[in-house]
Each structure stands twice: as C-alpha cells, then as structure tokens.
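Since we're looking at a predicted model, the values are computed, not measured. Convention: sequence-line order gives letters A, B, ...; per-chain numbering from 1.
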Amino acid sequence: MHVLERLGKLASQALSELDIHLEESEVIQLLEEPPKEVMGDIALPVFQIAKKVKTSPAELARALVEKLGETPDPIVEKAVNVGGYVNFYLKTRVLAEMLSEALKKYGEDYGRIKVEKPLKIVVEHTSANPVHPLHIGHARNSIIGDTLSRLLTWRGHRVERRFYVNDMGRQVAILIYGYRALGCPKVRDKPDHFMGIIYAMTNTIIEIDRLKTEINDAKKSNDDKRLKRLLKELDEWVSVADELRRKGPELFDTLVEKLRGRDHEKELSLLMKAYEERSDKQLVEVFRKVSEMVIEGFKETLRKVHVEFDYWDWESNIVWSSILDEIVEKARKLGKLVTYKGAYAIDLTSIQRSEDLRRKLGLPQFFKIPPLIVKRSDGTTLYPIRDVAYSIVKFRNADKVINVIMAEQKLEQLQVKLALYALGYIKEALNLIHYSYEIVKLPGVKMSGRRGRYVSFDSVIDDAIVRAFYEVKKRNPNMSEEEASKIAKMVGIGAIRYALISVSAEKPLLFDWNTVLSFEQNSGPYIQYTYARARNILKKYGKPVDYTNLDYDSVEEKAERRKLVKHLLKYPHVISKAADTLAPETIVDYAGKLSETFNKFYDTDPVLTEKCESKKKMKLVLVKGTQVALKNILSMLGIEAPEKM
RNA sequence: GGGCCCGUAGCCCAGCCUGGAUAGGGCACCGGCCUUCGGAGCCGGAGGUCCCGGGUUCAAAUCCCGGCGGGCCCGCCA
C-alpha cells in the first residue's frame with residue numbers, strides 16, 4: 001500500500017473515533033508535504049475539518065495526535081501537532097524498504113503507472129504553413145506537442161501524432177506565384193530555407209505594389225492621415241526588401257522583373273481557385289511538389305530534435321473529399337445554414353444562449369461569436385470550416401483530440417468547437433482540447449515569416465550543438481572527434497528541448513541564447529550530467545544491483561539519503577499527474593530537484609568506497625533509483641541520456 | 001468598444017486551479033571546496049512593497065471586485 005493511502009486510512013480512523021466522519025479519499029486530498037524537512041514527511045492541515053465541526057484547529061490537532069498515539073502504526077514513527085497541522089514522521093526504514101521492493105519488482109520500468117482505461121488520443125501539433133523553415137516559435141509548439149505525446153504514451157494511452165499540412169491558403173499560393181514566376185528554379189540549399197526566401201521576397205514585392213497603389217489613391221483623395229500611415233508602412237517594407245535582396249540579389253531582381261505590372265491579387269485568387277477545383281493538373285502538381293519539398297525540410301529539422309509524426313494530413317485532401325459538402329448539407333438539414341454578409345454561414349447564435357453550454361465549452365460569459373462563414377462568394381472554402389471538417393476526421397478513430405496551437409487562435413478554436421456542437425458533434429466538441437501556448441519572444445526583434453525575419457529552428461540547433469561540442473572537448477581533450485560530436489548533439493538538443501518545455505505554456509517565452517544554451521543547473525545538460533554520474537557508479541560497480549540484505553536503517557544516517565528515498569518514492573505519482581493534467585513543465589521541475597538532491601548525496605557520501613557491504617548495497621539502490629527515474633524522465637522529454645559527457 | 005492571457009529579487013522562472021507554517025529555484029554578483037565514484041558539480045553570502053487599492057476569511061502571492069502596466073484576439077486571411 002502506498003504511503004498516502006496508508007496515512008489517509010489512519011487519519012480517517014482516528015477522526016472517526018473523535019466522531020468526525022470523513023472518507024479516506026477526502027483525507028488524502030488534504031495531505032501535503034511540509035515546507036521544511038524538519039517539520040516531518042507528510043502533513044495533515046486540520047483547518048477545514050475544524051471549521052466543519054466548530055472546534056479550534058489547535059484543539060483538533062492535539063486530540064487527533066493523541067488518538068493516533070494510542071495505536072502504533074508500522075510506518076509512522078510519530079505524529080505531532082504544530083499550530084493546526086498534524087505532522088507525520090515516517091519510519092525511514094520502511095520508506096527505504098518500499099523503494100527497494102518497488103525497484104526490485106519493476107526494474108527499468110519503475111514509476112510507470114498505466115491508466116486503467118487507455119484512450120485513443122490524437123495530438124496535432126506544429127502544423128506550420130509549408131512556406132518557410134520552422135522557426136523558434138514553431139519549435140516551442142513541436143516540443144510541447146511531442147512531449148505531451150510521450151507523456152500520454154508512457155501513461156498507456158494510444159497516441160497518434162498528426163501534422164496538418166496547410167497547403168490551401170493564400171500563403172502557399174504566394175509562394176507558388178513567385179516560384180513559377182522564377183521558372184520553377186532548382187532548389188539550392190535546404191528546401192524549406194530556399195522556399196522561405198522566395199516566399200518572403202514574393203510577399204514583400206506584393207505588399208510594396210499594393211501600398212504604392214493605395215498611396216496613389218490617398219494622394220488623389222487628399223487623405224493626409226492615411227497617406228502618412230501608408231508611407232510609413234511602405235518604408236518598413238522597403239527596408240524588408242533591402243534585407244531580402246542582400247540574401248539573394250539575383251533571385252530578388254529576377255522576381256521583381258517577372259512580377260512587374262501584374263495584377264497580383266487576381267492571379268493569386270485564380271491560383272487558389274484552380275488548386276481547390278483541381279482544374280489545372282500541372283498546377284496541382286506544382287503545389288504538391290513545392291509543399292512536399294518544404295515538408296521534407298521540416299522533417300529533417302524535426303528528426304534532429306527527435307520529433308516524429310504518424311500522419312501528415314493534407315488540407316487539400318479534406319477539401320477535395322466530400323466531407324465539406326456533407327457538413328454544409330448537415331447544417332442545412334438542421335436549419336443552421338444562414339446567410340451572413342451575403343455568404344453561406346453556420347449559425348452559432350442560438351446555441352450560445354445556453355448558460356450551461358457556455359460553461360461546458362469554456363466560453364467567456366458575455367462574449368459573442370459570429371456565424372462561421374462556409375464559403376467565399378467565389379465558391380471557395382475558408383479555413384475555419386476546413387478546420388471543423390478536419391476535427392471530424394481526427395475524431396473518426398479517437399476519444400480525445402489535443403490541438404497544440406498558439407494562444408492568438410483561441411477565439412477561432414472556440415468557434416470550431418461551437419460549430420461542431422451546433423452540427424450535432426457533441427462528443428467531439430466536448431473532447432476537443434485546444435492546448436494553447438504563448439509565443440516565443442526575441443528581444444528587440446518581431447519575428448515574421450512573411451518578412452523573412454526569423455531565427456530558424458535549424459540555426460538554433462546548429463548553434464547549440466557547436467557550443468556543446470566546445471564544452472565536451474574542453475572537458476575531454478582526448479576524446480575522438482566522432483564521439484565528441486555524438487555527445488555534443490545529445491547535449492545541445494537536451495538544452496533546447498529543456499529550455500522550450502520548462503516555462504509553462506501560457507507564458508510568453510523570452511528567447512535568450514544564454515538561457516537556451518545554458519548547460520548549468522536548471523538545464524537539460526544538468527539532468528543529463530546527473531544521469532551520467534549515476535550511470536557511472538553503477539558501471540564501475542560492474543554487477544547488477546543486489547536487493548538482498550540491505551541495511552535499510554542506514555538511510556537514517558545522512559539527510560541526503562533519506563531525501564533521495566522520498567524523492568524517488570514520489571516519482572511515479574509526479575509523472576502520472578503531469579500526464580493526466582497535461583503539465584509537462586512539472587516533470588522538468590521534479591527532475592531538477594531530484595538531480596540536485598542526488599548531486600548533494602554524490603558529493604558527500606561515496607558509494608563504491610563504502611566498507612560495509614549492506615550499507616553499500618543500500619546506497620546502490622539509491623543510485624539505481626535515480627538512474628532509472630532520470631532515464632525515463634529524459635526519454636519523456638525527448639532528451640537522450642548519455643553515459644559519458 | 002468587448003473578450004482572453006500575463007505581472008513574484010537586477011534578469012529568467014516555480015508556487016495560484018484546491019487559501020494555511022519564516023514566499024522557492026536558476027542566471028548574474030561576492031566568498032569557499034579538486035590526493036576520495038566525473039568541478040556541466042557542491043557549500044556559504046547578499047538580493048523581495050509577491051503591480052496598486054479595496055473586499056471575503058481566524059488566515060490572501062493564492063479567492064472576489066476595481067484600477068494600472070504589458071501581450072494577444074474580435075476578416076469572404078491562414
């Protein structure tokens with residue numbers, strides 16, 4: 001039986017003897033860890049209970065401790081009352097034994113508590129537009145999505161990782177427009193980077209032309225205020241153009257020449273329509289080919305940081321299938337199809353009236369969401385409705401869908417949810433989770449794919465690895481280049497993944513090279529280093545850990561030993577909770593604390609030179625526990641566990 | 001105009017959901033520790049109006065109301 005359950009039962013019994021009746025589970029809910037070691041191992045605050053039965057907390061705690069004292073418990077050393085708390089001190093020997101038994105029984109799998117009813121869960125993440133390389137903002141999305149997937153898998157769920165290839169928007173059309181104007185040039189460089197430049201250049205030229213037209217209008221109508229604003233905007237785009245031209249003068253000049261005098265908007269609209277209607281076979285091929293090349297670039301980047309997908313879902317496939325028509329038909333039958341601003345739309349107003357529903361779907365209380373427009377007047381579809389369709393597709397074989405999407409799309413995601421509900425997809429609406437995260441901020445720079453201004457994920461990865469290589473070499477001058485670079489990859493990527501997951505998702509993440517490339521405490525490499533230390537001891541010991549004749553009492557001798565035991569006993573629950581509450585950042589926090597405790601133990605309490613065999617074996621159990629826990633945690637974080645670094 | 005998120009040390013963050021014991025870390029700064037399993041480490045020091053003002057409570061960083069500051073969203077864009 002686990003410690004908390006044991007204490008819950010004990011306290012609940014003692015309470016009932018005082019004629020206070022509380023469920024064990026309620027008592028367990030109240031149990032907490034005291035802020036300081038000296039205050040005991042587990043505390044029961046009695047304030048709430050005291051209020052219920054109208055006694056003073058101090059009085060109740062005293063009575064409770066007295067009752068608890070009457071029947072000695074096998075795991076409780078003593079219980080004392082301190083100002084409204086009952087503090088339990090647990091028997092060190094029992095804790096040590098529990099840990100040893102669990103490790104002996106589960107081995108490398110220690111800490112894995114599988115859910116009773118596994119769910120099929122879709123995690124959709126990254127889903128960047130295939131028009132430029134992944135940048136550091138997408139990186140946060142990928143790492144969050146991938147870590148969530150790993151956690152849920154560890155917990156026993158069946159997870160499907162999906163990437164939504166957004167190939168039907170205006171952005172891809174812009175890229176294709178420029179790419180074709182250039183005569184479909186051969187790809188030099190990594191394809192996503194190459195296409196990213198063409199995209200940004202094309203977009204910039206289009207923007208500048210648009211602004212010039214608007215400026216002429218403003219001049220004619222003597223609208224000074226508008227003119228001033230437009231000129232300022234033009235100024236900014238011209239400097240963007242300068243930046244881009246410097247990256248590829250020939251490419252840029254050719255593009256300017258080829259696009260001169262053309263009606264961009266008209267051509268873009270024709271491109272989009274033709275792709276959606278599949279009216280031009282060759283054009284469809286170009287769209288597909290270009291998108292695929294960029295996606296290949298994505299895959300290469302993501303592989304480096306150990307992110308893989310099970311499915312790549314093309315938006316175009318959804319549009320070309322019959323599902324959109326089915327949705328429209330369904331809306332019509334349900335009487336939800338209305339005209340809004342002259343276009344077909346799905347009505348969402350009626351269902352927004354239900355207070356109960358608003359709460360269930362997480363809608364802000366007084367916020368109004370407009371009808372969801374289904375089709376443009378030219379007959380082509382819009383993104384939100386395609387997203388509704390995609391949600392239905394994802395749910396075909398899933399109990400729950402988690403979409404990792406940036407916070408600025410919150411309202412749009414709510415609209416999708418509401419539309420699903422309105423169309424009768426109740427289960428889908430209720431099990432659709434928008435896992436929202438804030439942007440990555442770069443000091444001084446506003447990142448923008450449309451302007452070609454971004455720190456690419458590739459460059460961050462490369463820099464981290466170079467820096468790590470230097471650190472590895474500094475510490476191991478005689479190590480071969482090959483081995484050093486292998487380790488540098490593990491360390492560099494460990495630093496990045498850790499940095500991107502350790503800040504809670506709802507906070508903007510300030511991208512600071514010093515933090516991301518930090519290899520010190522509170523970093524991925526710190527955890528890896530701790531792991532390598534633990535691993536090293538076991539390796540030097542040379543034999544499997546022997547769980548017989550352990551000196552459990554010796555754990556009492558040093559504070560750090562006892563602390564390690566407690567941390568390691570907590571580990572299975574920390575991980576389970578992190579998975580169940582979708583809070584990956586909490587396991588980072590735990591890993592840091594465990595590592596810190598282990599390092600203190602390591603510094604002050606030698607294992608291999610321990611003379612007494614039964615004490616040595618006990619210490620080895622602690623080392624083994626740390627090694628197993630850290631290895632599993634690192635794997636959940638998608639970080640490799642090096643044996644040497 | 002309406003809505004959502006954030007505000008904790010010079011800097012970056014944890015704690016807030018579920019109120020409770022002197023508010024925790026890391027970076028940077030100052031001072032120590034390599035003849036013992038790896039110093040990417042360990043020990044010590046200094047550093048705080050938990051944005052402000054009310055309220056609820058025996059008790060508020062935490063809950064409620066009102067401000068202030070920052071970010072984001074409200075398109076026949078995606």
Side-chain angles (χ1 to χ4, degrees), chain A residues 29-30 32 34-36 39 43 45-48 50-51 56-57 82-85 87 127 129 131 166 168-172 315 340-345 363-370 373-384 386-387 406-412 414-415 436 438-439 441 468 471-472 474-476 491 495 499 502-504 506-510 512 514-515 518-530 532-534 536-541 581 585-586 588-589 592-593 595-596 598-610 619 623 644-645:
Chain A
Q29 275 298 312
L30 293 173
E32 60 185 40
K36 287 274 183 308
M39 295 169 171
V46 300
F47 304 97
Q48 284 182 35
K51 194 172 190 177
S56 83
V82 185
Y85 288 90
N87 288 338
S127 303
N129 288 317
V131 293
N166 223 303
M168 277 216 146
R170 182 186 157 89
Q171 308 208 43
V172 175
E315 186 177 27
Y340 178 71
K341 294 187 184 176
Y344 280 127
L363 242 67
Q365 209 177 352
F366 300 109
F367 192 72
K368 270 203 176 150
I369 293 179
I373 294 171
V374 179
K375 286 187 177 183
R376 297 186 181 94
S377 348
D378 70 355
T380 56
T381 52
L382 279 142
Y383 176 80
R386 303 200 286 247
D387 210 9
M406 52 184 174
E408 62 184 37
Q409 286 196 32
K410 265 187 183 172
L411 288 182
E412 136 57 40
L414 272 173
Q415 199 182 23
S436 144
E438 272 292 346
I439 52 156
K441 286 203 290 191
E471 295 289 333
V472 173
K474 193 168 84 187
R475 290 172 174 82
N476 310 278
V491 173
S502 58
V503 175
S504 24
E506 75 214 10
K507 291 200 182 180
L509 190 145
L510 196 82
D512 168 16
N514 291 331
T515 309
S518 156
F519 299 162
E520 293 172 304
Q521 198 161 344
N522 196 9
S523 77
Y526 176 72
I527 312 293
Q528 290 174 308
Y529 179 70
T530 311
R533 280 179 144 184
N536 206 240
I537 293 176
L538 296 169
K539 200 173 160 192
K540 286 210 164 157
Y541 180 63
T581 58
E585 70 278 6
T586 58
V588 168
D589 182 63
K593 283 183 180 137
S595 297
E596 193 185 350
F598 180 80
N599 283 322
K600 284 177 188 171
F601 162 76
Y602 183 95
D603 245 50
T604 55
D605 203 1
V607 175
L608 297 177
T609 53
E610 171 65 57
K619 287 189 193 175
V623 177
K644 207 195 219 184
M645 62 188 269

Opposite nucleotide pairing with [N], Watson-Crick or G-U, both atom distances under 3.5 Å:
N     : result
B:C37 : none
B:C72 : B:G3
B:G48 : none
B:C42 : B:G32
B:C16 : none

Check this one for me: any side-chain N or O of [X] less than 4.0 Å away from OP1 or OP2 of [N]?
X        : N     : result
A:Lys600 : B:C43 : yes
A:Arg376 : B:C77 : yes
A:Arg170 : B:A78 : no
A:Lys539 : B:C37 : no
A:Asn536 : B:G38 : yes
A:Arg533 : B:A40 : no
A:Tyr526 : B:C27 : no
A:Ser504 : B:A14 : yes
A:Tyr602 : B:G38 : yes
A:Lys507 : B:A14 : yes

Kindly indicate, with the supporting measurements, whether the criterion salt bridge (charged side-chain N to carboxylate O under 4.0 Å, His left out) is fulfilled by A:Glu471 and A:Lys474.
CA-CA 5 Å; A:Glu471 295 289 333; A:Lys474 193 168 84 187; 3.4 Å; yes
Quick one: side-chain contact (heavy atoms from CB on, under 4.5 Å) partners of A:Tyr602, sequence neighbours excluded?
A:Arg533, A:Ile537, A:Phe598
Euclidean distance for C1', B:A46 against B:C51 (whole angstrom):
25 Å
Any N/O donor-acceptor pair, A:Asn522 side-chain to B:A14 base, under 3.5 Å:
no
Ignoring hydrogens and angles, are the base of B:C76 and the side chain of A:Ser377 linked by a donor-acceptor pair under 3.5 Å?
yes
Trace of the side chain to side chain contact (heavy atoms under 4.5 Å, CB included) decision for A:Lys441 with A:Leu509:
CA-CA 6 Å; A:Lys441 286 203 290 191; A:Leu509 190 145; over 6 Å; no
To the nearest Å, how far apart are A:Gln415 CD and B:C76 P?
10 Å
Syn if the chi torsion is within 90° of 0, anti otherwise; quick check, which is B:C29?
anti
